[in-house]
Protein chains: 2
Amino acid sequence: MLIIGENINASTRAVAEAITTRNQEFVTELAQAEVAAGADFIDVNVGAGSSSSQDEARAMKWLVAVVQQATDKPLVIDSDCPEVIRAALNKYQGKRLIINSVTAEPQRLEAVAPLAAEWGSGLVALAMGTGGIPNSVEQRLDACEWIMTQLTRLGIKPEQIYFDPLVLPVAVDSKQALVTLRTIEQIKSRYPGAKTVIGLSNISYGLPKRKLINRTFLVMAAYAGLDAVIINPLDAKAMSLIKAADMLIGKGSRGYTRAYRAGAIVD
Amino acid sequence: MLIIGENINASTRAVAEAITTRNQEFVTELAQAEVAAGADFIDVNVGAGSSSSQDEARAMKWLVAVVQQATDKPLVIDSDCPEVIRAALNKYQGKRLIINSVTAEPQRLEAVAPLAAEWGSGLVALAMGTGGIPNSVEQRLDACEWIMTQLTRLGIKPEQIYFDPLVLPVAVDSKQALVTLRTIEQIKSRYPGAKTVIGLSNISYGLPKRKLINRTFLVMAAYAGLDAVIINPLDAKAMSLIKAADMLIGKGSRGYTRAYRAGAIVD
């Protein structure tokens with residue numbers, strides 16, 4: 001499974017502060033810790049809301065430069081705002097990257113997807129439209145179908161797309177884990193070239209021992225066909241489960257035994 | 001998921017010794033520990049090989065009496081030998097129990113299945129015939145189909161059957177976890193009334209940190225439709241994952257939160 005490190009995100013207060021104060025050392029250490037723990041991509045998110053989009057764009061340019069100086073790993077440019085994404089791309093060194101994200105909202109898709117087309121980048125596509133996250137598998141697949149049609153029209157290949165089936169709390173609706181997992185299965189079956197990605201934490205909202213629930217869900221998602229996960233790679237237990245899951249879904253035991261020899265498998 | 005406690009098994013040296021010396025206290029404590037940890041059934045196995053089948057039958061009668069005195073939970077009568085199973089049944093108090101096991105070997109099935117028919121018990125059916133464990137999903141399903149036909153002829157209902165799809169080491173053949181998981185899915189789809197059960201430990205044979213692999217496999221099996229597992233219920237991490245998995249496959253959060261309040265959820 002592809003590991004997208006989630007740690008450099010301004011929703012965490014310490015990260016927000018480091019971005020505001022342009023604390024290069026903090027960001028460098030965090031990025032390098034993610035890579036050392038096994039991240040394949042580093043997600044970067046400067047947050048939104050309090051500052052102007054120009055401030056956000058400046059912060060993103062700074063963040064991209066700092067993280068790219070800290071590591072060779074490719075980045076996931078994570079923003080709701082097309083101008084912020086464009087600013088990041090203009091600063092970006094190298095060709096391999098992912099833009100996060102578009103939805104089935106025409107306005108957002110029309111603004112962001114052309115950037116992915118122009119740069120040949122990966123693109124996370126959330127299985128939702130203007131009405132929020134749909135409750136059912138069918139509605140999420142409808143959103144994916146609409147997105148796939150639009151992205152194809154814009155010259156984006158299925159191989160560039162990372163569909164995010166989205167996750168709602170199982171404490172609110174007991175069928176929601178299955179909805180996400182079945183959506184992953186259906187996306188993989190309908191669009192064999194496309195990839196799937198999820199973030200985990202919503203699933204356990206409102207329940208105790210959330211990390212345990214997140215990890216259990218992640219193993220099920222691996223079996224359902226998940227290609228990539230946005231996760232804290234410093235969670236050694238989750239990373240160990242991913243190695244074991246990769247082995248069990250037929251990818252061979254080499255990755256697992258290599259991680260074991262490196263002392264990275266904990267139970 | 002139904003938890004079948006595996007601990008009272010003579011393949012463990014201390015248990016073999018306790019059975020040989022008729023150490024009632026040891027067996028009582030072990031059975032009660034399994035129940036306290038969440039076992040729904042207690043598997044009892046007196047081993048085979050060194051002793052005569054008459055010795056085994058005597059040991060099994062003693063074991064059934066001791067475990068039934070220790071707990072109200074039903075038992076799984078686990079033996080290769082029909083006479084040993086019959087001896088256990090003659091000693092058994094109550095109606096709810098499972099016999100472990102038959103295979104697609106005609107001789108074994110003809111000797112054991114009538115006991116399950118007579119007693120109305122559950123019956124574990126291994127997806128294999130005389131040639132050992134088949135490599136492919138198709139061959140395992142062929143064995144299940146043959147068994148289903150024979151058991152139906154003998155008056156056994158699908159609801160009594162626990163199909164064990166069997167597990168081969170993933171270190172030997174990287175596709176074997178998927179073979180078992182797909183077999184579970186197919187059994188559940190072909191025989192909606194029948195149940196599925198597995199033992200875990202084979203999957204991780206030859207690899208380090210085996211418990212982690214076993215637990216990861218168990219979570220995938222839960223998603224694939226597994227109904228019951230033969231497991232050490234004193235493995236609190238595995239039991240916690242089962243609670244989380246049951247919740248994620250749509251059974252509601254009550255079992256999980258109840259276990260959490262009892263201090264039984266560990267991560």
Side-chain angles (χ1 to χ4, degrees), chain A residues 167 169-182 184-185 203-204 206-224 235-261 263-267, chain B residues 167 169-182 184-185 203-204 206-224 235-261 263-267:
Chain A
V167 176
V170 75
V172 175
D173 173 354
S174 64
K175 301 296 178 203
Q176 280 303 323
L178 287 176
V179 167
T180 300
L181 296 166
R182 303 294 188 221
I184 292 172
E185 289 183 4
I203 192 71
S204 58
L207 289 164
K209 294 274 183 192
R210 294 186 61 177
K211 282 185 178 177
L212 174 79
I213 300 168
N214 295 349
R215 288 181 202 128
T216 309
F217 184 60
L218 177 57
V219 170
M220 290 183 177
Y223 179 61
D235 180 346
K237 288 183 184 177
M239 295 293 280
S240 298
L241 286 170
I242 290 171
K243 293 291 180 196
D246 277 345
M247 175 170 67
L248 292 174
I249 61 173
K251 295 185 181 172
S253 57
R254 205 171 298 176
Y256 179 82
T257 53
R258 194 186 298 132
Y260 172 73
R261 284 195 296 267
I265 299 294
V266 299
D267 64 356
Chain B
V167 176
V170 75
V172 174
D173 173 356
S174 64
K175 300 296 178 203
Q176 280 303 322
L178 288 175
V179 167
T180 300
L181 297 165
R182 303 294 187 220
I184 292 171
E185 289 182 4
I203 192 72
S204 58
L207 290 163
K209 295 273 187 193
R210 293 186 61 178
K211 281 184 179 177
L212 174 79
I213 300 167
N214 296 349
R215 288 182 203 127
T216 309
F217 184 60
L218 177 57
V219 170
M220 291 183 177
Y223 179 60
D235 180 346
K237 288 183 184 175
M239 295 292 280
S240 298
L241 287 170
I242 290 172
K243 293 291 179 197
D246 277 345
M247 175 171 66
L248 292 174
I249 61 173
K251 294 184 182 173
S253 58
R254 204 171 297 177
Y256 179 82
T257 52
R258 195 187 297 133
Y260 172 73
R261 284 195 295 268
I265 299 295
V266 299
D267 63 356

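Just so we're on the same page: letters track the sequence lines, and every chain starts at 1.
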A:Leu218 CG to B:Leu248 CG distance, which is reported to the nearest 0.5 Å: 11.0 Å
Heavy-atom contact with chain B under 4.5 Å, split by part of A:Ile203: side chain
Distance, nearest 0.5 Å, that separates CD1 of A:Ile249 from OG of B:Ser174: 11.0 Å
Quick check on the interface: out of A:Ser204, A:Ser253, A:Ala244, A:Gly250, who has the most heavy-atom pairs with chain B under 4.5 Å? A:Gly250
Which residues in residues 235-243 of chain A have any heavy atom lying under 4.5 Å from a heavy atom of chain B? A:Lys237, A:Ser240, A:Leu241
Most heavy-atom pairs under 4.5 Å with chain A, out of B:Asp173, B:Thr216, B:Val170, belong to B:Thr216
Per-residue contact mode, A:Val219 against chain B (heavy atom under 4.5 angstrom): both
Hits for side-chain contact (heavy atoms from CB on, under 4.5 Å) against A:Glu185, two or more places apart or cross-chain, chain-then-number order -> A:Arg182, A:Ala224, B:Tyr223
Using heavy-atom distances under 4.5 Å, tell me whether A:Tyr260 contacts chain B through its side chain, its backbone, both, or neither. side chain
Which atoms of A:Thr257 are under 4.5 Å from chain B, going by heavy atoms: the side chain, the backbone, both sets, or neither? side chain
Select, from B:Pro208, B:Ala177, B:Ala171, the one with the greatest count of heavy-atom pairs under 4.5 Å involving chain A. B:Pro208
Stepwise side chain to side chain contact (heavy atoms under 4.5 Å, CB included) check, B:Leu212 with A:Tyr256: CA-CA 11 Å; B:Leu212 174 79; A:Tyr256 179 82; 4.0 Å; yes
Atom pair CE/CG of B:Met247 and A:Leu207 - distance to nearest 0.5 Å: 5.0 Å
Distance col, row B:Leu178:CG vs A:Lys251:NZ, nearest 0.5 angstrom, shows 10.5 Å
Find the distance between NZ (B:Lys211) and CG (A:Asp267) and round it off to the nearest 0.5 Å. 7.5 Å
